[in-house]
Structure formats: C-alpha cells, structure tokens
Amino acid sequence: MRTDIHDVQHSGTKRYRTLFVSDLHLGTKACQAEAFLDFLRDTEADRIYLVGDIVDFWRIKRGAYWPQAHNDVLQKLLRRVRKGNDIIFIPGNHDEAMRDYCGARFGGISIERNAIHVGADGRRYLIMHGDEFDVVVRYAKWLALFGDWSYEMALWANSHFNAVRRWFGMPYWSLSAYLKHKVKRAVNYIGEFEAALAAEARKHGAQGVICGHIHHAAMRQVGDVLYINTGDWVESCTAVGETEDGLFEIIRWSPHPIRTSRVESPVEELEAAA
C-alpha cells in the first residue's frame, strides 16, 4: 500500500512541532540551497534536527565552492536560534570532523552524536545520521569516496539531460534515484540499512528511528519500529515534519516559483525488496 500523496499550496507559513532535515551537502554544486532557503521561509518549528551531512567537507577538501546561498543557509539557521528555536546538529560522515565537538554548542546550536526525540504522543525516536550502519563507509572509506565521486558525475550528467527535458517542458528525472529503485543490490542494501537502524532503535528503547545518509526519503514500519528517512536536498528536496498532534509527514518541496509541497501521510509503505 503506497502512502497517500497530495499537493499542498502554501498561502502562508506552515508550522510544525519539529522539523528533521539532512544531507544538504553545502559546499557542493548539487546542493539545492535556494530551495532549502525557500523551505525555511515558509516553514516554522520550535525544534529543528540537522541529521548529518549539512556541510560536505569531503567535497570542500577537493576544492572550495561556497556561493552566497550556502552562506545564507547557515545565517538563516543561526537566526532561527536567536529567535528561540532549538537546533540540534548530528554530524554525518561528510561532516564527521564535527563529531570531535559533540556535547558542545556553537552559535547556540547543540552538536550531538545522536539524540532521543520524544514525540508529542510520548513515543521515543532515535535520531542519527545512519552512516554507522553503512559497511562501505565503515570498512572501505576509499570505496565510499569513489562512490561519492561517481554520484557527483551522475548528477553532472543528469543536470545536462534535464536541461533538455526542461526545454521540452518535461519534469525533472533522477538517474540516481532510478538506479536505486531498479538495481536489485541497491534495493536490498536499503532494506538491510532500514533493518539495522530499526535494531539500533530497539537497543535504545525507542519506538522509532529518524535518519538520513542514503538520500532516500521513506516512512514505514520495520517490525515494531517506525523507520523514517529524511531524504536529501541534492535531488529530492525532502524533509520530515512532526505536527503538533505528533503525526509525522514526509515533505517533498518543489523548488519552483509557486511554493508548493507534497506531503506524504504517515501510513505504512510496503515495497518489494527483491
């Protein structure tokens, strides 16, 4: 059963109890910083979790790329803190250097290795980036770096392909997302990743887990654990919002002049894993 998806026109600011975002990859050309800024302008929350890979130090080490929009994102987040928002940053593998500062606060933003979020209904959710359960990142970092380079090349090719599609009035099409869904190994990898994160949540006495890392937004039951992935702001422009009633939604932000988003209801999503 697929999640129910409907379009929402934002005539004003949308308010959530909590927002969860990950994988902005600031410092890369693929980062959709303008779309994220648009999202922040039209969305409010008392607490925001930055669930890893906010700044891509891997890419920055290969050559600096930092346009004004990327700086504006950091300034906007710091402004949110000054206005009273509680922001928790959980570093991922691309900004793992910040893990040395876990337990500290910078500009009012708390840096934590992981966190437990208590929902409006009292349920506990383990918040972590998720790279800890990626065997490639843990045991063959050179392969992860090669994969990162390959992904970057796929995005470069995809941008040219989609420029032609836009010229013909056709919507955006993601090569990497297509491969993730169609290649059996990738599908199995995602399934194993979800199961590992669910098991970790159980160890922490949590009823759910919220993560990022694999750039694949999802919300589904994995046994007795609610698995939620925030997706990314490289291709899909997705985030997760918790409403005041404690319901979780996947928000798919449309980076277009008309500020629209698709919201996926928190209904179990079942997909074939083979």
Side-chain angles (χ1 to χ4, degrees), residues 13-28 31-61 64-120 124-132 204 206 208-213 215 217 228-234 237-242 244 248 251 253:
T13 300
K14 173 72 173 180
R15 181 165 185 80
Y16 288 94
R17 180 175 184 264
T18 317
L19 284 173
F20 306 83
V21 298
S22 74
D23 297 273
L24 269 68
H25 291 275
L26 295 170
T28 70
C31 170
Q32 297 205 42
E34 291 84 358
F36 185 66
L37 285 167
D38 191 45
F39 169 75
L40 287 177
R41 292 186 193 103
D42 273 13
T43 314
E44 289 186 356
D46 294 329
R47 174 173 292 178
I48 301 174
Y49 287 93
L50 305 175
V51 195
D53 286 1
I54 304 304
V55 178
D56 195 324
F57 290 114
W58 288 13
R59 181 62 184 84
I60 291 173
K61 286 180 181 178
Y65 176 79
W66 197 264
Q68 183 60 43
H70 293 208
N71 194 59
D72 291 344
V73 167
L74 297 182
Q75 291 297 326
K76 183 73 171 178
L77 292 171
L78 290 171
R79 198 172 301 124
R80 286 288 187 95
V81 174
R82 291 195 295 271
K83 289 183 176 180
N85 284 175
D86 185 18
I87 298 184
I88 299 96
F89 170 42
I90 297 171
N93 52 306
H94 283 255
D95 43 26
E96 62 186 348
M98 298 303 296
R99 287 174 172 167
D100 293 337
Y101 301 96
C102 288
R105 293 174 68 90
F106 286 92
I109 297 177
S110 301
I111 303 177
E112 302 292 344
R113 190 67 176 83
N114 53 55
I116 293 292
H117 172 73
V118 180
R124 290 160 50 88
Y125 297 85
L126 173 64
I127 317 297
M128 60 190 307
H129 182 63
D131 62 290
E132 301 92 331
H204 284 76
V209 60
I210 302 176
C211 62
H213 185 57
H215 295 203
I228 303 175
N229 195 297
T230 59
D232 69 280
W233 288 84
V234 173
C237 294
T238 56
V240 169
E242 180 197 10
E244 296 293 343
F248 287 82
I251 308 163
W253 196 258

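For the numbers below, each heavy atom of this structure counts, side chains included, while hydrogens, waters and symmetry mates do not.
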| request: Give a yes or no on whether a salt bridge exists between D86 and R17, defined as a side-chain N under 4.0 angstrom from a carboxylate O. | output: no

| query | Should the pair E44-R15 be classified as a salt bridge under the 4.0 Å nitrogen-to-oxygen rule? | reply | yes

State whether the side chain of [X] and the backbone N or O of [Y] hold a donor-acceptor pair below 3.5 Å, judged by distance alone.
| X | Y | value |
| --- | --- | --- |
| T230 | C211 | yes |
| R105 | I111 | no |
| W233 | S22 | no |
| T13 | T43 | no |
| E132 | G130 | yes |
| R59 | A64 | no |

| Looking at F57, does the NZ or CZ of K61 lie under 6.0 angstrom from its six-membered ring centre and within 45 degrees of the ring axis? | no

Going from [atom1] on [X] to [atom2] on [Y], what distance comes out if it is rounded to the nearest 0.5 angstrom?
| X | Y | atom1 | atom2 | result |
| --- | --- | --- | --- | --- |
| T28 | D56 | OG1 | CG | 5.5 Å |
| L74 | R79 | CG | CZ | 11.0 Å |
| R47 | N85 | CZ | CG | 10.5 Å |
| L126 | H204 | CG | NE2 | 5.0 Å |
| I87 | D46 | CD1 | CG | 11.5 Å |

| Checking side-chain hydrogen bond (donor to acceptor under 3.5 Å, both in side chains) against H213, which of N93, D131, D23 comes through? | N93

| Pick from L24, L26, L37: which one makes a side-chain contact (heavy atoms from CB on, under 4.5 Å) with H70? | L26

Show the nearest heavy-atom pair for residues [X] and [Y], with the distance to one decimal.
| X | Y | answer |
| --- | --- | --- |
| A115 | Y49 | CB-CE2, 4.1 Å |
| R113 | C102 | N-SG, 3.4 Å |
| L78 | I109 | CD2-CD1, 4.0 Å |
| L40 | L77 | CD1-CD2, 4.2 Å |
| C237 | A35 | SG-CB, 4.1 Å |
| D95 | V55 | CB-O, 3.2 Å |

| message | Quick one, I88 with F20, criterion side-chain contact (heavy atoms from CB on, under 4.5 Å). Give me CA distance, side-chain angles, the key distance, then yes/no. | response | CA-CA 10 Å; I88 299 96; F20 306 83; over 6 Å; no

| message | I'd like to know whether the aromatic ring centres of F36 and W253 sit less than 6.0 Å apart in this structure. | response | no

| query | Do H25 and H215 make the cut of ring centroids closer than 6.0 angstrom? | reply | yes

Does a side-chain heavy-atom distance below 4.5 Å link [X] with [Y]?
| X | Y | value |
| --- | --- | --- |
| V240 | I251 | no |
| K76 | V73 | no |
| V51 | M128 | no |
| P91 | R99 | yes |
| Q75 | N71 | yes |

| Are D53 and H129 close enough that a side-chain donor and a side-chain acceptor fall under 3.5 Å? | yes

| message | Apply side-chain contact (heavy atoms from CB on, under 4.5 Å) to residues F89 and M98 and explain how you reach the verdict. | response | CA-CA 9 Å; F89 170 42; M98 298 303 296; 3.9 Å; yes

| request: Carefully, step by step, assess E242 and Y16 under the rule side-chain contact (heavy atoms from CB on, under 4.5 Å). | output: CA-CA 6 Å; E242 180 197 10; Y16 288 94; 5.8 Å; no

| message | Apply side-chain contact (heavy atoms from CB on, under 4.5 Å) to residues V209 and I228 and explain how you reach the verdict. | response | CA-CA 6 Å; V209 60; I228 303 175; over 6 Å; no

| said: Using a 6.0 Å cut-off, check whether atom OH of Y101 has over 12 heavy atoms from anything other than its own residue. | reply: no

| task | Give me the ring orientation class for Y125 and H117: parallel if the planes are under 30° apart, tilted from 30 to 60°, perpendicular past 60°. | result | tilted

